[in-house]
There are 2 protein chains.
Amino acid sequence: MSRVQLAMKPIYQQLRDLLAERIAKGDWKPGAIIPNEGDLAREFGVSAGTMRKALSLLENEHLITRRQGRGTFINDPVAEGFADRFCSIRGANGKPMAGRVVASEITQASATATEAQRLQLTSGDAVWHIRRVRFDGDSALMYEEVSLPAVLFPALSESSTRIVLLAHQYGLLLGRAEEKLSIGAASEAAAEALQIPAGSPVIVLDRVLRTIDGRPVEWRLAQCRVATCYLAQIH
Amino acid sequence: MSRVQLAMKPIYQQLRDLLAERIAKGDWKPGAIIPNEGDLAREFGVSAGTMRKALSLLENEHLITRRQGRGTFINDPVAEGFADRFCSIRGANGKPMAGRVVASEITQASATATEAQRLQLTSGDAVWHIRRVRFDGDSALMYEEVSLPAVLFPALSESSTRIVLLAHQYGLLLGRAEEKLSIGAASEAAAEALQIPAGSPVIVLDRVLRTIDGRPVEWRLAQCRVATCYLAQIH
DNA sequence: AAGTGGTCTAGACCACGCA
DNA sequence: GCGTGGTCTAGACCACTTG
């Protein structure tokens, strides 16, 4: 009597996908309350326990928040704390960096080998390139080269290149980021942007952002200057 | 008919604690297979579903691995992949740094204000101090100051100061690490160890390691030199 | 074939927040 | 008091692994 599992995928995962689609499409807006477990279970013809497991998945993925006695709410992906959880480099106060960000260039090109590897594309697929600089007051702190698969982002408004806004705009639900931290030599573009000699040491943040389905959404290669001392003393 | 909840804590969490204790004590050795869900449920007088939830918690905390058709196995906390998952800074190949590590000094002292805050102690509690240097070949890469609550580690063998080994030795189950990355000025000790001028810029890794219960186990303040270029070029 | 973990069900009761 | 999510139960069946 149980539902046929066409895709050989557990029902609770299928439910998760269906519910996530409603959120992505905007059927359920951020901040809204959604029907309770029982009603949802009835609507999809499953038991309450199965629906519960699906909702738990969505909660682990930060798409919803459940509160005992209140209900289940859609999270705002752009809200502070949700948007910033992908970024590991912090300012002196421990909070995410809050400085000015200037996008200097937005172009389209065909994917390089590295981009294809990071974004799981085939070499030559169209990608957007964004170059931007993060400031702290008047001094340039960080130079970023961002690559986005053009197939996911048909058009890029120059007004906002923040990935959380873009993702929300195109109905993409961000899941996890993998970030590698290392030390490298400043590229020429980075050197110019940061006003340091080319080849001087920089912190390299290599980050791939994925949707909750695991599809790569953004590759960001950031170079951070270390030429001056911005932060608190040690001890 | 259900078990009394003295501590107002869900049964499945109490079970998790009991099972975790067995692992910590060494009743169940790494690599060993543990009884199946049904037997465990019967032993503790709970339903299979509740025991299942407890086991799921342990799996999320990387203490056990469950495999369909095989059984449930105790993970080895010292094994590669489990021990290295707390470290975010990587080498050029994307793998954790593998260089030589030299512990230069092991002393005991009373906690400073910062240590007390990070390790949730009261100022003046006894802590161990370990200073160590991480090498890449012949050059010093990273200077670390490690603080451990003396109450958790009665004695410190000089042979191995690796935290995963120490934790295992004293029956502590490591859970999560919070790591803050920033840029700072090299302290005098770091400058000497890294052979750079005091005050020159370094990457600062401020990490607090906790047990699965959330108790702080280690505070590590690492300073990483950026004076030369170790790694691959950008692009 | 037997044993394991994985999924799913249907229903009971509890703890919390609010009107 | 009512509706919500959170916990717990008892049992069925499925999928995978091994002998």
Side-chain angles (χ1 to χ4, degrees), chain A residues 1-20 22-23 28-75, chain B residues 1-20 22-23 28-75:
Chain A
M1 193 56 65
S2 83
R3 164 165 310 203
V4 181
Q5 301 193 16
L6 287 163
M8 301 192 319
K9 221 183 191 181
I11 294 179
Y12 65 84
Q13 281 190 26
Q14 299 179 37
L15 290 172
R16 186 208 72 149
D17 294 344
L18 290 171
L19 298 175
R22 288 195 182 176
I23 299 173
W28 288 334
K29 302 287 184 194
I33 189 169
I34 70 175
N36 65 44
E37 292 180 5
D39 289 348
L40 282 174
R42 234 164 285 126
E43 175 186 346
F44 287 94
V46 298
S47 80
T50 303
M51 180 54 72
R52 180 171 190 72
K53 192 152 185 176
L55 292 168
S56 290
L57 287 182
L58 292 174
E59 188 173 35
N60 287 338
E61 293 164 336
H62 301 104
L63 294 183
I64 62 174
T65 299
R66 322 186 70 195
R67 265 179 284 193
Q68 189 172 139
R70 301 277 311 278
T72 301
F73 302 84
I74 306 295
N75 288 335
Chain B
M1 195 57 63
S2 83
R3 163 166 314 206
V4 180
Q5 300 194 17
L6 288 163
M8 302 193 320
K9 220 184 190 181
I11 294 179
Y12 65 85
Q13 280 189 26
Q14 299 178 36
L15 290 171
R16 185 208 72 148
D17 294 345
L18 290 170
L19 298 175
R22 289 195 181 177
I23 299 174
W28 287 336
K29 302 288 185 193
I33 189 169
I34 70 175
N36 66 47
E37 292 180 6
D39 289 349
L40 282 174
R42 233 163 287 127
E43 176 185 345
F44 288 95
V46 299
S47 80
T50 303
M51 181 53 71
R52 181 172 189 72
K53 192 152 185 175
L55 292 168
S56 290
L57 288 182
L58 292 174
E59 189 172 35
N60 287 338
E61 293 164 336
H62 302 103
L63 294 182
I64 62 175
T65 300
R66 322 186 70 195
R67 265 179 282 193
Q68 188 172 147
R70 301 278 309 279
T72 301
F73 303 83
I74 306 294
N75 287 334

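Chain letters run A, B, ... following the sequence lines, proteins first and then strands; every chain starts at 1. Everything numeric in this text was worked out from a predicted model, so none of it was measured.
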Q.
So, using side-chain contact (heavy atoms from CB on, under 4.5 Å) as the criterion, who are the partners of N36(A) when residues are at least two apart?
A. D39(A)

Q) Given dG6(D), dC8(C), dT7(C), which nucleotide is nearest the side-chain atoms of R52(A)? A) dG6(D)

Q. Under the salt bridge (charged side-chain N to carboxylate O under 4.0 Å, His left out) rule, what pairs show up with a residue in residues 53-63 of chain B, not counting sequence neighbours?
A. R16(B)-E61(B)

Q | Separation of dG6(C) P from Q13(A) CD (nearest whole Å) | A | 13 Å

**Q.** Nearest-nucleotide 5' precedence on DNA chain C, S47(A) against D39(B)
**A.** D39(B)

Q.
In whole Å, I'd like the distance from the CE atom of M51(B) to the P atom of dA10(D).
A. 13 Å

Q: Please state how far atom CZ in F44(A) lies from atom P in dT7(C), giving the value in whole angstrom units.
A: 19 Å

Q | side-chain contact (heavy atoms from CB on, under 4.5 Å) between W28(A) and L19(A), worked out | A | CA-CA 9 Å; W28(A) 288 334; L19(A) 298 175; 3.7 Å; yes

Q) Distance check: side-chain N/O of T72(A) vs OP1/OP2 of dT4(D), anything under 4.0 Å? A) no

Q) Where along nucleotides 11-16 of chain C does protein come under 4.0 Å, by heavy atom, of base (B) or sugar-phosphate alone (S), with - for untouched nucleotides? A) ----BB

Q: Determine: side-chain N/O of Y12(B) to OP1/OP2 of dC8(D), distance under 4.0 Å, yes or no.
A: no

Q.
Between K53(A) and dC8(C), is there a contact of a side-chain N or O with OP1 or OP2 at under 4.0 Å?
A. no

Q | Pairwise distance CG(D17(A)) to CG(L57(A)) - rounded to 0.5 angstrom | A | 9.5 Å

Q) Got a sec, which residues hit side chain to side chain donor-acceptor pair (under 3.5 Å) with T72(A), two or more places apart in sequence or on another chain? A) none

**Q.** dT4(D) OP1/OP2 closer than 4.0 Å to side-chain N/O of N36(A)
**A.** yes

Q. Between dG6(C), dG6(D), dT4(C), which nucleotide has the shortest distance from any of its atoms to the side chain of E37(B)?
A. dG6(C)

**Q.** Under 4.0 angstrom between R66(B) side-chain N/O and dT4(C) OP1 or OP2
**A.** no

Determine all donor-acceptor pairs shorter than 3.5 Å in which one atom belongs to a side chain in residues 63-70 of chain A; sequence neighbours excluded.
residue	atom	partner	partner atom	Å
T65(A)	OG1	N75(A)	OD1	2.6
T65(A)	OG1	N75(A)	ND2	3.2
R66(A)	NH2	E37(A)	OE2	2.6

Q | Runs of at least three Watson-Crick or G-U pairs with DNA chain D, cut-off 3.5 Å | A | C:1-18 with D:1-18

